[in-house]
Amino acid sequence: MRSKGCIVIVEPDELLRELLERWLGGAGYKVISEKDRILSKVLPQLVIADISDPASAADTIEALQAAYAAPILALSARFRRGLGGSREPAQRLRVGKVLPKPFTREELLCAVDDVVKLS
């Protein structure tokens, strides 16, 4: 299967990071964890980042935007269900899309496709 592109994952929870890698890898994406430390040579199509507190996420998001010229899909347990389709939280955070935790494989892949198509 030909790769659909590269996605960087910034997720501190090891189990969730491994699950994201498996789901995205199975969908045809090359997945790199920010912990891999080979990122200086990576030009990702998308960055998926855990945002533990959306109210104070500006510094984290700015750092990710400075490090990667790619849209960001923000994940957080603090996002309310139903916000995934809303542009307002994404615009407020200056990211491509938000996805509330927990989410299904289908919800993740749909969000990834939406953000990649917009970029």
Side-chain angles (χ1 to χ4, degrees):
M1 177 191 301
R2 192 173 154 259
S3 175
K4 291 182 174 180
C6 179
I7 296 178
V8 171
I9 297 177
V10 183
E11 169 59 61
D13 182 304
E14 185 176 344
L15 291 174
L16 183 53
R17 189 175 55 249
E18 289 173 1
L19 182 63
L20 293 172
E21 289 172 2
R22 188 169 53 245
W23 284 353
L24 294 165
Y29 292 97
K30 178 180 178 183
V31 182
I32 297 175
S33 169
E34 193 176 52
K35 297 195 181 292
D36 290 339
R37 303 287 182 224
I38 58 167
L39 298 175
S40 61
K41 298 175 184 170
V42 173
L43 297 173
Q45 228 180 331
L46 177 67
V47 176
I48 298 178
D50 173 71
I51 304 297
S52 58
D53 184 7
S56 62
D59 291 341
T60 301
I61 291 168
E62 285 178 22
L64 290 170
Q65 289 169 336
Y68 309 104
I72 297 170
L73 171 59
L75 310 177
S76 183
R78 298 256 179 123
F79 295 137
R80 289 188 330 269
R81 295 297 292 162
L83 283 183
S86 173
R87 292 290 309 145
E88 190 273 328
Q91 289 172 339
R92 189 170 12 97
L93 290 171
R94 297 183 329 165
V95 297
K97 191 168 184 85
V98 299
L99 184 61
K101 292 178 181 177
F103 48 82
T104 66
R105 179 181 183 276
E106 290 75 24
E107 289 170 326
L108 172 71
L109 295 177
C110 232
V112 167
D113 287 343
D114 288 350
V115 177
V116 169
K117 286 178 189 174
L118 290 175
S119 60

Pairs under 3.5 angstrom only: tabulate donor-acceptor contacts from the side chains of residues 50-58 to other protein residues two or more places apart or in another chain.
unit_1: Asp50; atom_1: OD1; unit_2: Lys101; atom_2: NZ; d: 2.5
unit_1: Asp53; atom_1: OD1; unit_2: Ala55; atom_2: N; d: 3.2
unit_1: Asp53; atom_1: OD1; unit_2: Arg78; atom_2: NH1; d: 3.4
unit_1: Asp53; atom_1: OD2; unit_2: Ser56; atom_2: OG; d: 3.2

request  = Decide side chain to side chain contact (heavy atoms under 4.5 Å, CB included) for Ile48 and Val112; before the verdict, give the C-alpha distance in whole Å, the side-chain angles of both, and the deciding distance to 0.1 Å.
outcome  = CA-CA 9 Å; Ile48 298 178; Val112 167; 4.0 Å; yes

task = Heavy atoms only: give me the nearest Ile72-Val95 pair and the separation to one decimal.
result = O-CB, 3.5 Å

request  = Locate the shortest heavy-atom distance separating Ala70 from Pro44; write the atom from each residue and the value.
outcome  = CB-O, 3.4 Å

key: Non-hydrogen atoms of Gln45 and Pro71 that approach each other most closely   = O-CD, 3.3 Å

Leu19 CG to Phe103 CZ distance, which is reported to the nearest 0.5 Å = 7.0 Å

inquiry  = Testing Val47, Leu99, Ile7 one by one against Leu73 for a side-chain contact (heavy atoms from CB on, under 4.5 Å), which residue passes?
reply    = Leu99

query = Could you give the distance from NZ (Lys4) to CG (Leu46), rounded to the nearest 0.5 Å?
reply = 12.5 Å

key: Rounded distance (nearest 0.5 Å) linking atom CD of Glu14 with atom OG of Ser33   = 9.0 Å

key: From CA spacing to verdict: side chain to side chain contact (heavy atoms under 4.5 Å, CB included), Cys6, Ile32   = CA-CA 7 Å; Cys6 179; Ile32 297 175; 3.7 Å; yes

inquiry  = Minimum heavy-atom separation for Val115 and Gly96, please, with both atom names.
reply    = CG2-C, 4.1 Å

key: Partner set under side chain to side chain donor-acceptor pair (under 3.5 Å) for Asp13, not counting sequence neighbours   = none

message = When you measure from the side chain of Gln65 to the backbone of Arg94, do you find a donor-acceptor pair of N or O atoms at a distance under 3.5 Å?
response = yes

Between CZ on residue Arg105 and CG on residue Leu24, distance to nearest 0.5 Å = 9.0 Å

inquiry  = Using 0.5 Å steps for rounding, measure from the CD atom of Glu21 to the CG atom of Leu16.
reply    = 10.0 Å

